[in-house]
2 protein chains.
Amino acid sequence: MAKDRKIDLVILGLLSHEDLTGYDIKKQIDSAISFFWKGSFGSIYPALGEMEKGGLVKRRKSGNTGGREKIIYQITKTGMDTLKTWLNDEKATNDLKYETLLKMYFGGVEDRNVTIRNIEIFEKQVREDLKLLKFYKENLEKVLDQETHVHYYLTVLFGIETYEAYLRWCKKAMKMILQ
Amino acid sequence: MAKDRKIDLVILGLLSHEDLTGYDIKKQIDSAISFFWKGSFGSIYPALGEMEKGGLVKRRKSGNTGGREKIIYQITKTGMDTLKTWLNDEKATNDLKYETLLKMYFGGVEDRNVTIRNIEIFEKQVREDLKLLKFYKENLEKVLDQETHVHYYLTVLFGIETYEAYLRWCKKAMKMILQ
DNA sequence: GTGCGATATATCACTTTGATATATATCATT
DNA sequence: AATGATATATATCAAAGTGATATATCGCAC
């Protein structure tokens, strides 16, 4: 596997659940894991190509009836080993870039109304996302007996816990700015 | 300014507080804002060069007594306007990549001990960082009358609020995994 | 039948990272 | 005063990732 390519692990992880096309992988990244990870076509397709060369994934016999191309990928034994090695590796980088906080930190050059507005924008987005996370949580609680769902549930709980913390901060921050 | 270069705003923000060298900028990124932003020399130096060409920053007359090179940058009027325009722009991208959560989501392919270990590693780091954040908070509370410090304080409060949420999640997650 | 959104792969310019190279300054130890 | 370690300081590069765009087909509503 490439030295520093995180997208490889995301792809391997998703393929460990089921066979997928590049497009399917993008859809799953944008739904299930979007609260803590991002990924674009521009990294997915080249990665799939190189991972195939490296023997981490392989093309499944495609049941193409028509002329439309569609490549369904499957994880290999080597790919599964790579995924497990990564899971057992102690180092994990949590890379956070909050543009909202940059705007807080540098807000002093403008009127306080600007900072207030920026907190309001952040709060609105957080409320919307939190609503969605709670909806996921409720649905997951119906199927929590299955192993895979427990792991999904853990990430949703993480989202809820942090998003509620964001809202508490919004309240405190607003109060501070308004004296 | 370059279309999509966030580092420009970080540099302009820091220079709005005081004149700095590229090396100083890196130090400030690694200390004051490291909890919510990162930046490397490989982006800082090229950005400074292009921003100088674009008239956003300028070299201050350097008081070089010896032969050692040292370039001190200063924000220009245009640079200040660019910073203010960004602060007033409603869109802000908060880009989060938690490798720890990826390992939670894909943890199902390994024994639960692996997931437990990964939560423990995360928790240990969070406890250390939280201690530091609380230390910053105490020190800041002594100088909160000054404008700039209020904005710094807001970001520290954010860090404390979210890191405490991380710890609550660790407890819940651990309990869930152990049934 | 035609317009539109979803499916599907691919590529590219630009941004950022993380590592490395180069050189000087400062300071403690020998 | 020589040595070595650490901090200061700028610069560059391969590799990774983003966001946009190009291309084409499929399925469905009107």
Side-chain angles (χ1 to χ4, degrees), chain A residues 1-12 19-31 33-34 36-54 57 59-60 62-73 86 91 93-99 102, chain B residues 1-11 19-31 33-34 36-54 57 59-60 62-73 91 93-99 102:
Chain A
M1 194 190 44
K3 204 163 25 82
D4 280 317
R5 226 173 37 207
K6 293 282 167 63
I7 190 68
D8 289 15
L9 284 324
V10 178
I11 291 172
L12 289 174
D19 297 350
L20 298 164
T21 65
Y23 191 78
D24 291 333
I25 288 165
K26 172 64 172 157
K27 271 197 295 180
Q28 292 222 9
I29 290 173
D30 286 348
S31 56
I33 69 171
S34 71
F36 59 90
W37 205 268
K38 260 104 202 154
S40 58
F41 287 127
S43 63
I44 294 167
Y45 285 111
L48 279 169
E50 283 181 52
M51 287 163 79
E52 195 191 1
K53 269 189 248 164
V57 301
R59 282 163 196 243
R60 204 179 66 179
S62 101
N64 268 14
T65 44
R68 168 119 157 272
E69 68 181 327
K70 179 172 171 168
I71 311 163
I72 300 167
Y73 289 93
W86 167 70
K91 75 170 175 320
T93 320
N94 297 310
D95 213 354
L96 316 181
K97 291 201 169 179
Y98 291 97
E99 194 171 354
L102 272 188
Chain B
M1 191 189 48
K3 204 165 23 84
D4 280 318
R5 227 173 35 206
K6 294 282 166 64
I7 190 68
D8 289 17
L9 285 322
V10 177
I11 292 172
D19 298 350
L20 298 164
T21 64
Y23 192 77
D24 292 334
I25 288 165
K26 171 66 172 157
K27 270 197 293 180
Q28 292 220 11
I29 290 173
D30 286 348
S31 55
I33 69 170
S34 70
F36 59 90
W37 205 268
K38 260 102 201 156
S40 58
F41 287 126
S43 63
I44 295 167
Y45 285 111
L48 280 168
E50 283 181 52
M51 286 162 79
E52 195 191 2
K53 268 189 251 166
V57 301
R59 283 162 196 244
R60 204 180 66 180
S62 102
N64 269 11
T65 44
R68 167 118 156 274
E69 68 181 327
K70 179 170 170 170
I71 312 163
I72 300 167
Y73 289 94
K91 74 172 176 317
T93 320
N94 297 311
D95 212 353
L96 317 180
K97 290 200 170 179
Y98 290 98
E99 194 172 352
L102 272 188

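Letters A, B, ... mirror the listed sequences (proteins, then strands); counts begin at 1.
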Any B:S40 side-chain N or O less than 4.0 Å from OP1/OP2 of C:dA19: no

Assign A:G22 to base, sugar-phosphate, or nothing according to its heavy-atom contacts below 4.0 angstrom with the strands shown. sugar-phosphate

Distances for protein N/O vs nucleotides 13-15 of chain C N/O pairs under 3.5 angstrom?
| from | atom 1 | to | atom 2 | distance (Å) |
| --- | --- | --- | --- | --- |
| C:dT15 | O3' | B:D4 | O | 3.2 |

Minimum-distance nucleotide (side-chain atoms of B:P46 versus D:dT18, D:dT8, D:dT12): D:dT12

Nearest heavy-atom neighbours spanning A:D8 and A:A47: OD1-CB, 3.7 Å

In the structure I gave you, are the side-chain heavy atoms of A:F36 and B:K97 within less than 4.5 Å of one another anywhere? no

Separation of A:W37 atom CH2 from D:dT18 atom C1', in whole Å? 14 Å

Search all heavy atoms of B:F41 against all heavy atoms of B:Y23 and return the closest pair with its distance. CZ-CD1, 3.8 Å

B:D30 and side chain to side chain donor-acceptor pair (under 3.5 Å): which single residue from B:K27, B:K26, B:Q28 fits? B:K26

Does A:S43 have a side-chain nitrogen or oxygen under 4.0 Å from the phosphate oxygens OP1 or OP2 of D:dA16? no

Separation of atom CD1 in B:I25 from atom P in D:dA11, rounded to whole Å: 12 Å

Between atom CG in B:L48 and atom C1' in D:dT12, what is the gap in whole Å? 15 Å

Whole angstrom is fine here: how far is it from CD in B:Q28 over to C1' in D:dT8? 15 Å

For a quick test of reading the model: is some side-chain N or O of A:Y23 closer than 4.0 Å to OP1 or OP2 of C:dT7? yes

Look at the side-chain N and O atoms of B:T21 and state whether any lies under 4.0 Å from the OP1 or OP2 oxygen of D:dT10. yes

Protein-nucleotide distance (A:K26, atom NZ; D:dG17, atom P), rounded to Å: 13 Å

Can you check the A:L20 CG to C:dT7 P distance for me, whole Å? 14 Å

Heavy-atom distance under 4.5 Å between the side chains of A:I72 and A:T21, does that happen here? yes

In whole Å, what is the span from the CG atom of A:D95 to the C1' atom of C:dT16? 10 Å

Can you check the B:F41 CZ to D:dC13 P distance for me, whole Å? 18 Å

A:K38 versus A:I29, closest heavy-atom pair with distance: C-CG2, 3.9 Å

Respond yes when some side-chain nitrogen or oxygen of B:K97 is under 4.0 Å from OP1 or OP2 of D:dT18, and no when none is. yes

Which of these, B:V10, B:L20, B:I7, sits in a side chain to side chain contact (heavy atoms under 4.5 Å, CB included) with B:I25? B:L20

Which heavy atom of A:W86 sits nearest a heavy atom of B:E99, and at what distance? NE1-OE2, 2.7 Å

5′-ward residue of the pair A:D24/B:I44 relative to DNA chain C: A:D24

Reckon A:Y45 has a side-chain N or O less than 4.0 Å from the OP1 or OP2 of C:dT9? yes

Below 4.0 angstrom from OP1 or OP2 of D:dT8, is there any side-chain N or O of B:K27? yes

